[in-house]
Amino acid sequence: MASWAHLEITVDDQGNVEVGGYNADPEALVEGTESWEDLLSTLGVNGWELVQVIPGPETTYWFKRHA
């Protein structure tokens, strides 16, 4: 059975970012990125798949990849 890593990135209207997840180290993933847009681009390059975007005053991006 495959094991998955999940990552959740929430960005509010002021550009504040909150990162969480399981089977992943969110702090290591954001290290070295200059903006949340840069983070989203970096995740795609590193094999993370964007699963869902929930827009609103706080937009949430959900990612997954095989752990």
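- In this model, a donor atom of one side chain and an acceptor atom of the other lie less than 3.5 Å apart for Trp62 and Glu8.
- Remark: Lys64 NZ to Leu43 CG distance equals 15.0 Å, nearest 0.5 Å.
- The heavy-atom pair separating Pro26 from Val19 by the smallest distance is CB-CG1, 3.4 Å.
- In this structure, the ring of Tyr61 has its center less than 6.0 angstrom from the ring center of Trp36.
- Going from atom CH2 of Trp4 over to atom CD of Glu49 covers 6.5 Å, rounded to the nearest 0.5 Å.
- Linking ILVMFWY side-chain heavy atoms closer than 4.5 Å, directly or via other members, places Ile9 and Val53 in a single hydrophobic cluster.
- Every residue two or more places apart in sequence or in another chain that forms a side-chain hydrogen bond (donor to acceptor under 3.5 Å, both in side chains) with Asp12 is listed here: Asn16.
- Taking both residues in full, the closest heavy atoms of Ala24 and Ala5 are given as CB-CB, 4.2 Å, listed atom of the first, atom of the second, then distance.
- No donor-acceptor distance shorter than 3.5 angstrom exists from the side chain of Thr33 to the backbone of Leu29, with no hydrogens or angles considered.
- With values rounded to the nearest 0.5 angstrom, Glu31 atom CD is found 12.0 Å from Leu39 atom CG.
- Around atom CD of Glu27, no more than 12 heavy atoms belonging to other residues, nucleotides or ligands sit under 6.0 Å away.
- One hydrophobic cluster, built from ILVMFWY side chains closer than 4.5 Å, holds both Leu50 and Val30.
- Residues Thr42 and Leu40 are not in side-chain contact: their nearest non-hydrogen atoms beyond the backbone lie 4.5 Å or more apart.
- Residues Gly56 and Asp13 share a closest heavy-atom pair of O-OD1, 4.1 Å.
- Among Leu7, Val51, Asn46, the single residue meeting the side chain to side chain contact (heavy atoms under 4.5 Å, CB included) criterion with Phe63 is Leu7.
- The nearest pair of heavy atoms linking Gly47 to Arg65 is O-CB, 3.4 Å.
- In this structure, the separation between CD on Glu58 and CD on Glu18 is 7.5 Å, given to the nearest 0.5 Å.
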